[in-house]
Amino acid sequence: MRGGKIAILDCNNFYVSCERLFAPALENRPVIVLSNNDGCAVARSNEAKALGITMGVPFFKIRDLIKKHDVKVLSSNYALYGDMSARVMRTLAEMALNLEVYSIDEAFFDMSGFTGAGSIEHCKTIKATVQRNTGIPVSIGIGPTKTLAKAANRIAKKSPKTAGVLDLSSPRFMEKALAILEVGDLWGVGSRWAGRLNSHGIKTAAQLRDSNLTWVEKKFGTVLAKTVLELRAIPAIGLDSRGKAKKSITSSRTFAKKTSELSAIREAVASYTAIAGVKLRQQKLLARSVAVFIETSRFAPGQQRYKNSATFILPEPLSDTGSLIRYVLQLLETIYRDGFAYNKAGIMLLDLVSLHGQQRSLFSDHVQIAKNSRLMTAIDSLNQKMGRNTIHFGAEGLQSQGRVVKDRRSPSYTTSWSEIPQVLAIS
DNA sequence: TCTGGGGTCCTAGGACCC
DNA sequence: TCTGGGGTCCTAGGACCC
């Protein structure tokens with residue numbers, strides 16, 4: 001399908017923009033948002049990027065820089081970001097065809113009905129409407145393929161001339177853009193491949209596009225070969241992946257404090273299982289296998305490293321947290337070794353299948369399954385109404401909320417009744 | 001006892017994305 | 001001292017089967 005036209009909308013510095021909505025004092029100054037346990041910088045305002053703060057840099061390495069430039073530092077508030085994301089996507093859905101939400105802050109959509117100046121105009125309207133309705137600034141890139149739309153978006157974000165919207169459909173613009181774009185800035189080319197491509201003299205997007213397809217496929221595999229095709233305006237990554245079901249659900253955390261206690265790890269993985277179980281049921285899925293993994297720190301030179309995982313194929317597809325926890329805890333016993341300072345654990349729900357059209361095993365206990373299902377529905381709805389973790393399984397322990405430290409978290413303005421800003425009226 | 005080739009499934013690891 | 005979390009896809013190698 002040549003001659004397509006695809007756009008991608010991407011929220012600018014999304015987490016920082018969300019925080020700024022409720023704290024205008026954060027405007028026009030460097031701001032960063034940290035990962036769980038305040039470990040790394042996962043979002044930066046333009047001012048913070050200008051200071052050289054890179055994506056994913058550990059917080060302790062930029063302490064001095066932060067002090068010197070008075071950078072505002074926030075813990076992540078995923079409830080806020082998830083809620084704002086939903087608002088952006090709802091607004092976009094009213095104006096865009098074949099919307100494909102790609103991540104918390106990005107979505108592709110179909111622009112094949114628009115030509116020339118019409119596409120720019122339509123996307124400028126979208127940009128203004130999203131900004132007005134949600135307060136979130138966005139950029140939009142347009143191109144014949146997803147990869148080229150992403151490239152357009154990349155340039156739109158950086159170049160003030162574009163005013164946040166760039167259409168690379170015309171060959172003249174395209175040639176100019178690909179000649180200046182570095183391969184490492186392309187969607188699908190990470191730092192490893194960028195380095196290898198550079199060593200072969202391929203530095204720009206245009207050079208990658210014009211390289212030998214067979215050679216690329218042999219040296220780098222089918223994934224990068226698709227990128228080459230997309231750069232040649234030949235769609236190789238479909239738009240129509242809407243509503244595709246998840247294949248796995250993971251829940252894992254780095255601990256605030258290292259531990260070698262089996263009991264602490266049991267509580268941790270039990271609570272991760274509960275978190276993943278909620279997602280599983282929300283998506284009307286069942287898991288056919290479960291996995292658990294534990295590991296010691298990657299960054300502890302000299303210390304004995306241990307990491308291991310185990311997978312178990314369930315006797316039948318499951319979604320109730322109680323049963324999942326039982327299997328996970330049994331699995332944990334098989335990989336736990338005494339005497340290691342563990343800093344991370346996690347569980348995965350795998351081989352997910354749709355709840356509908358599932359055949360029950362001849363031997364399964366239908367009465368028990370129906371009971372579990374009613375119980376989980378009741379727990380899920382209570383937790384949704386009264387706040388997460390109102391009711392939880394005994395195996396999760398009492399501190400499942402306390403293991404992750406977020407000292408700098410903003411209030412959950414949009415999702416938690418108890419944290420709504422209070423206004424005191426004095427007459 | 002010797003032996004080939006092909007298929008499938010699983011796992012681990014590596015690359016990428018946000 | 002302090003280094004996130006949640007995904008996808010591909011590939012290579014081993015086990016196993018016929």
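Within every chain, numbering begins at 1; the chains are lettered A, B, ... in the order of the sequence lines, protein sequences first and strands thereafter. Keep in mind it's a predicted model, so treat the numbers as computed, not measured.
- Side-chain contact between A/Leu148 and A/Met174 is present, with heavy atoms from C-beta onward closer than 4.5 Å.
- Among the heavy atoms of the strands, none lies under 4.0 Å from A/Leu224.
- Contacts of A/Ser251 with the nucleic acid, taken as non-hydrogen atoms under 4.0 Å apart, involve only primed sugar atoms and P, OP1 or OP2.
- In this structure, of C/dC10, C/dC2, C/dG4, it is C/dC2 that holds the atom nearest to the side chain of A/Phe60.
- OP1 or OP2 of C/dC2 lies within a sub-4.0 Å distance of a side-chain N or O belonging to A/Lys258.
- The A/Tyr78 side chain lies nearest to C/dG4 when the options are B/dC18, C/dC10, C/dG4.
- At least one side-chain nitrogen or oxygen of A/Lys150 sits closer than 4.0 Å to the OP1 or OP2 atom of B/dC18.
- The neighbour count for A/Phe173 CZ, taken as heavy atoms of other residues, nucleotides or ligands under 6.0 Å away, does not exceed 12.
- Comparing C/dT3, C/dC10, C/dG7 against the side chain of A/Val223 picks out C/dC10 as the nearest.
- Remark on DNA chain C: of its neighbouring residues A/Lys279 and A/Lys61, the 5'-side contact belongs to A/Lys61, judged by nearest-heavy-atom nucleotide.
- Between A/Thr250 and the phosphate of C/dG7, there is a side-chain N or O to OP1/OP2 separation shorter than 4.0 Å.
- Within the nucleic acid shown, A/Val189 comes within 4.0 Å of sugar-phosphate atoms alone, with no base atom in reach, counting heavy atoms only.
- Comparing C/dT3 with B/dC17, their P atoms sit 25 Å apart, to the nearest whole Å.
- A/Phe299 comes within 4.0 angstrom of a base, heavy atoms only.
- Taking every side-chain heavy atom of A/Thr254 into account, C/dG5 is the closest of B/dC18, C/dG5, C/dT3.
- Counting non-hydrogen atoms under 4.0 angstrom, A/Ser85 reaches nothing in the nucleic acid.
- Among the protein residues, A/Phe220 comes within range of no part of the nucleic acid, since none of its heavy atoms lies under 4.0 Å from any strand.
- Once rounded to the nearest 0.5 Å, the distance linking CZ of A/Arg266 with CD of A/Glu261 reads 12.5 Å.
- For A/Arg196, no side-chain nitrogen or oxygen approaches OP1 or OP2 of B/dA15 to under 4.0 Å.
- Around the NZ atom of A/Lys219, the shell of radius 6.0 Å holds no more than 12 heavy atoms that belong to other residues, nucleotides or ligands.
- In this structure, B/dT8 forms a base pair with C/dA15, meeting either the Watson-Crick or the G-U wobble geometry with both donor-acceptor distances under 3.5 Å.
- Checking C/dG4, C/dC2, C/dT11 against the side-chain heavy atoms of A/Arg63 singles out C/dC2 as nearest.
- Residue A/Lys307 is classed as having no contact, given no heavy-atom separation below 4.0 Å to the nucleic acid.
- Put simply, the side chain of A/Ile249 reaches to within 4.5 Å of the side chain of A/Leu352, judged on heavy atoms.
- No side-chain N or O of A/Thr296 forms a donor-acceptor pair with one of A/Asn343 less than 3.5 Å apart.
- In this structure, the nucleotide among C/dG6, B/dA15, C/dG5 sitting nearest to the side chain of A/Lys344 is C/dG5.
- Backbone-only engagement by A/Ser248 is indicated by non-hydrogen atom pairs under 4.0 Å involving sugar-phosphate atoms exclusively.
- In this structure, A/Leu349 reaches neither bases nor backbone, as no heavy-atom distance under 4.0 Å exists between it and the strands shown.
- Positionally, the nearest nucleotide of DNA chain C for A/Cys40 lies more toward the 5' end than for the other of A/Ser252 and A/Cys40.
- In this structure, of C/dG4, C/dG6, B/dC18, it is B/dC18 that holds the atom nearest to the side chain of A/Asp105.
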